[in-house]
2 protein chains.
Amino acid sequence: MMRGNLFAVAVDLVVLTVRHDQLHVLLVRRGERPYESHWALPGGFVRADEDLGDTAARELAAQTGTATQGAVQGHLEQLGGYAAPGRDPRGRVLSMGYLALLPDIPDPETTNGPTAAFLPVEDVYGLAFDHDVILADGVERARAKLEYTTLAAAFCPPEFTVTDLRRVYEAVWRTEIDPRNFQRKVTSTPGFLIPTATRVTGGRGRPPQLFRRGPATALHPPMLREPVSMAHATT
Amino acid sequence: MMRGNLFAVAVDLVVLTVRHDQLHVLLVRRGERPYESHWALPGGFVRADEDLGDTAARELAAQTGTATQGAVQGHLEQLGGYAAPGRDPRGRVLSMGYLALLPDIPDPETTNGPTAAFLPVEDVYGLAFDHDVILADGVERARAKLEYTTLAAAFCPPEFTVTDLRRVYEAVWRTEIDPRNFQRKVTSTPGFLIPTATRVTGGRGRPPQLFRRGPATALHPPMLREPVSMAHATT
DNA sequence: GCAATAGTGTCTCTGAGACAGTATACA
DNA sequence: TGTATACTGTCTCAGAGACACTATTGC
């Protein structure tokens, strides 16, 4: 029975969050060869009794703290497989990329493990292995999914304002969105936002309404990030 | 250096086509254990010097004939990784699912290899391994992609009519689409369809215009498969 | 002529972009 | 009072659904 070559299988996480109106990604500084002292995506090898999603969830909890998992409704999904020959000098390694979207949480404590920090996605390049590619794929996936899903709320804390949500879109897409039209769009989508009794206090202007995530997952019709109106172009 | 367990890595193909206005998938009848004489997705193990896409393209060419590859502009993309413990009784096997969209080509010759045939997706169940899941994921991916890309044309021969293209949508989505509105939509999307000088002859009614695929890949705004108009629902 | 398929025009309604105007807080 | 932020309302235009109508073939 021909079984082909054997691979080590790892999971690498693209953990995104929005901090200071900028998209950030969680990176770890490698403490061993290869790529020692380079920044890399957090990840690890799949254990004997684990499915891929189990490994991803375990690594995510290990990197961000278990407390994050239960309380905050983040998002974790598979991105794709990366297995180019030579991508790891140690041998044949297939890496499954996973995409995680989280609210803005503090940088992980650097107690026993390696240094870990959220860095602005724009400033990131020269990661270890082919992690630049995996990161780019993850960011593009996140950008695309904001269009037709309600996943932007995964970047927000359990209770948030419409302005918070809009800043997520603006940070991820690097665009500006009209606050009035945005308000109309998201509040008129049934099941997207559930109003909360409480209001924010202490701000500068009128206190905004607080919302929780609703049960809706799809956005129909989608939110468009590009100017449409390219129909009737003379081609 | 902890490297975790080792996996055999395979590629399994979800090869879809539209035949007789029905979505079909290419299956092979297994000639060996496990799952001997069960239907399964075509696939094979990744070779030492291959990337995942190379394996997928090689298997696709082997299954459908090399002639198909050059002439017809099909589509091949990665679907996802499947690695649940126990999904293959022989041991730890990670399978990368790939999705291929092809025009209606004849069933492959059964000369040396196992029996292979296109079967209607609706009638397919009880595939080997976890291939039912991979197939379902592939079909759902194809359905979703028709909404916001021009990939429906990948199901069509090099020259096709607007009606051919509409039948692709109707077969994949299992819906009916108004021919007039569909015509308006696709012909007014710049770069989707390029008219051809020739027309079809021998049909029953007015001879239709023939088109080739244009350079456009995205559909902005997308084609909606669900009735929208769920806004203003009292919730 | 009739039937069948291809393609155009028109009406209506939803929804997005633009932006004036109102509401409610703090200083 | 002024300023800042939150929110509502209105106008306009693009585009989708519905469907009447015209065009071009075979019979």
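By convention in this document, chain letters (A, B, ...) are assigned in the order of the sequence lines, proteins followed by strands, and residues within each chain are numbered from 1.
Put simply, A:Ser188 has no side-chain N or O that comes within less than 4.0 Å of OP1 or OP2 on C:dG15. The phosphate of D:dG15 (OP1 or OP2) has no side-chain N or O of B:Lys185 nearer than 4.0 angstrom.
Protein atom CD1 of B:Ile177 is 12 Å distant from nucleotide atom P of D:dA18, rounded to whole Å. Here D:dA16 presents its P atom at 17 Å from CZ of B:Arg225, a figure rounded to the nearest Å. Atom pair A:Leu224:CG and D:dA16:P shows a separation of 11 Å (rounding to whole Å applied). Going from atom CG of B:Leu165 over to atom P of C:dA6 covers 13 Å, rounded to whole Å. In this structure, CG of B:Leu219 is placed 12 Å from P of D:dG15, rounded to the nearest angstrom. At whole-Å resolution of the value, CD in A:Gln183 and P in C:dA18 are 17 Å apart. As rounded to whole Å, 10 Å separates atom P of C:dT5 from atom CZ of B:Arg166. Spacing between atom NE2 of A:His220 and atom C1' of D:dG15 amounts to 16 Å, rounded to whole angstrom units.
Side-chain atoms of B:Thr149 and B:Thr217, non-hydrogen and from C-beta on, never get closer than 4.5 Å to each other. Contact of the A:Trp39 side chain with the A:Val124 side chain is not registered, since no non-hydrogen atoms from C-beta on lie closer than 4.5 Å. Side-chain contact between A:Val162 and A:Pro208 is absent, with no heavy-atom pair separated by less than 4.5 Å.
Here A:Phe182 and A:Tyr169 bring their ring centres to under 6.0 angstrom of each other.
Which of D:dG17, C:dG21, C:dA18 sits closest to the side chain of B:Asn181 comes down to D:dG17. Here the nucleotide nearest the side chain of A:Arg180, chosen from C:dG7, C:dA16, C:dC19, is C:dC19.
Contact check of residues 208-218 of chain B against DNA chain D (heavy atom, cut-off under 4.0 Å) returns no residues at all.
Side-chain atoms of A:Asp178 stay outside donor-acceptor range of the base of C:dA16, with no qualifying N/O pair under 3.5 Å. Under 3.5 Å, the side chain of A:Arg184 and the base of C:dG17 form at least one donor-acceptor pair of N or O atoms.
Using a 4.0 Å heavy-atom criterion, one finds that A:Thr163 contacts the sugar-phosphate atoms exclusively.
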Which atom pairs link the protein and nucleotides 24-27 of chain D when you take only N or O atoms and keep those under 3.5 Å?
residue: D:dT24; atom: O2; partner: B:Arg206; partner atom: N; Å: 3.2
residue: D:dT25; atom: O2; partner: B:Arg204; partner atom: O; Å: 2.9
residue: D:dG26; atom: O4'; partner: B:Arg204; partner atom: O; Å: 3.3

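A salt bridge does not link B:Arg174 to B:Glu170: none of the charged side-chain nitrogens sits closer than 4.0 Å to a carboxylate oxygen. A salt bridge between B:Asp107 and B:Arg19 is present, with a side-chain N of the basic residue lying under 4.0 Å from a carboxylate O of the acidic one. One finds a salt bridge joining B:Glu140 and B:Arg225 here, because a Lys/Arg side-chain nitrogen approaches an Asp/Glu carboxylate oxygen to under 4.0 Å.
A:His20 and A:His24 have perpendicular rings, their planes meeting at more than 60° on a 0 to 90° scale where under 30° would count as parallel.
Side-chain N/O atoms of A:Asp12 and A:Ser95 include a donor and acceptor closer than 3.5 Å.
Residue pairs meeting the salt bridge (Lys or Arg N to Asp or Glu O under 4.0 Å) criterion with at least one member in residues 126-139 of chain B, sequence neighbours excluded: B:Arg87-B:Asp130.
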